[in-house]
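In what follows, a structure is listed as structure tokens, so that the remarks can point back to it.
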Amino acid sequence: MAVAVSSTCPGLYCGRMMMNGSVERECGVCPRGERTNLQKVCERCTETPELYDWLYLGFMAMLPLVLHWFFIEWYSGKKSSSALLQHITAMLECGVSAVVTLLVTEPIGKIGIRSCRVQMLSDWYTMLYNPSPDYVTTMHCTQEAVYPLYTMVLIYYAFCLVLMMLLRPLLVKKIACGLGKSDRLKSVYAALYFFPVLTLLQAVGGGLLYYAFPYIILVLSLVTLAVYMSASEIQSLKNLIAKKKRLVVLFSHWMIHAYGIISISRLDKLDQDLPLLALVPGPALFYLITAKFTEPSRILSEGANGH
């Protein structure tokens, strides 16, 4: 049993540790995997992540995979077979990295994690809330109050980078024979740039992304779908189904739309939230219906005729 303490610790995240069933009187930072409760005592994180937490982790896990696919497609040229194998390899790298990350996170060796519940935005930025009780000395109580959502993503990125460096160069060297020597590894070089960017994004903006990612998913998926259909000159259903690749891109965007809708609704009320998934094909249908009215050549010709 914990003994009563005369005064609470200052700040939001400073607490007292439990030692042999009793509470220490000295305030300080809680060990990793623990956070303070209402009595300012460090408690072990034993909760399971909510659906929204898993969706956030899924979003952060998808970012390197989507970027891998984009740069592979960008630099592969017309070597469709080469691009396909690289796409599969990238998915394998990210999939294995995700599984290994889960296995090395407590409880170690199990596909599952224990976590601290995210309560507010400041939980992601505890280094900004170190108190100064006497306005002179600062108590350093920086900790991972959202354990393990913050460090878990960084560990995942590290595994992704290591696996990519081990597998991709060998694969590209064998299958990308049609590309020039300078072009074969450009998708790998691109990853060496975007992984530090993703790491910095998680380190600085992890908390903001946690609350904003559902809306980011919807906006980016809508914009990229419109850009792709415009660049591919898709103006009718016939143009859309002419190539299998276009259908793959369309269905991929629909899955991302659905992911964003689920993230926003959190499926708290299934009878109200599930019907929202019927909106998923809406943007593509709207584009196909209105594309013929926004064709630049048609607008220019009508303007010329008007004059």
Distance, nearest 0.5 Å, that separates [atom1] of [X] from [atom2] of [Y]:
X    : Y    : atom1 : atom2 : answer
I241 : I234 : CD1   : CD1   : 11.0 Å
E144 : D123 : CD    : CG    : 11.0 Å
L209 : L201 : CG    : CG    : 4.5 Å
F70  : T224 : CZ    : OG1   : 10.5 Å
Q86  : M91  : CD    : CE    : 13.5 Å
T105 : L149 : OG1   : CG    : 10.0 Å

Honestly curious: do [X] and [Y] fall in one hydrophobic cluster under the side-chain, below-4.5 Å linking rule?
X    : Y    : answer
Y228 : W74  : yes
L102 : Y157 : yes
Y125 : M120 : yes
I262 : Y215 : yes
Y56  : I111 : yes

With a 2.5 Å cut-off on the SG atoms, do [X] and [Y] make it?
X    : Y    : answer
C160 : C94  : no
C42  : C30  : yes
C27  : C141 : no

Are any of the side-chain heavy atoms of [X] and [Y] separated by less than 4.5 Å?
X    : Y    : result
L198 : L67  : yes
N130 : M139 : no
I113 : L57  : yes
L167 : E93  : yes
V104 : F159 : yes
F213 : L55  : yes
D53  : E50  : yes
M229 : L288 : yes

Angle between ring planes, W124 versus Y210, binned at 30° and 60°: parallel, tilted or perpendicular? tilted
Quick check: F251 with W254 (ring centres under 6.0 Å apart)? yes
Check: H68 ring centroid to F194 ring centroid under 6.0 Å: yes
Looking only at non-hydrogen atoms, find the nearest pair between [X] and [Y] and report the distance.
X    : Y    : value
P49  : R117 : C-NH1, 4.1 Å
L185 : P169 : CD2-CA, 3.9 Å
Y150 : A203 : OH-O, 2.7 Å
A190 : Y75  : CB-CE1, 4.4 Å
T142 : M127 : OG1-CA, 3.3 Å
A61  : Y156 : O-OH, 2.9 Å

Can a salt bridge be assigned to the pair R35 and E43 using a cut-off of 4.0 Å between side-chain N and carboxylate O? no
Between R114 and E106, is there a salt bridge with N-O shorter than 4.0 Å? yes
Using atom types as modelled and distance alone, determine if a side-chain donor or acceptor of [X] lies under 3.5 Å from a backbone N or O of [Y].
X    : Y    : value
T126 : Q143 : yes
S230 : A226 : no
R246 : N239 : yes

Between E34 and T46, is the side chain to side chain contact (heavy atoms under 4.5 Å, CB included) condition met? List the steps. CA-CA 9 Å; E34 299 183 11; T46 57; over 6 Å; no
Check step by step if side chain to side chain contact (heavy atoms under 4.5 Å, CB included) holds for I264 and I217. CA-CA 10 Å; I264 292 175; I217 288 176; over 6 Å; no
Step-by-step side chain to side chain contact (heavy atoms under 4.5 Å, CB included) determination, I108 to L103: CA-CA 5 Å; I108 296 176; L103 292 175; over 6 Å; no
Just by distance, no angles: are the side chains of S122 and Y13 close enough, under 3.5 Å, to form a donor-acceptor pair? yes
Just by distance, no angles: are the side chains of S221 and H257 close enough, under 3.5 Å, to form a donor-acceptor pair? yes
Carefully, step by step, assess E73 and K245 under the rule side chain to side chain contact (heavy atoms under 4.5 Å, CB included). CA-CA 12 Å; E73 195 67 29; K245 181 180 177 180; 2.6 Å; yes
Should we say atom CG of L166 is surrounded by more than 12 heavy atoms from elsewhere, each under 6.0 Å from it? yes
Check against salt bridge (Lys or Arg N to Asp or Glu O under 4.0 Å), E26 and R16: CA-CA 6 Å; E26 185 178 353; R16 294 181 172 88; over 6 Å; no
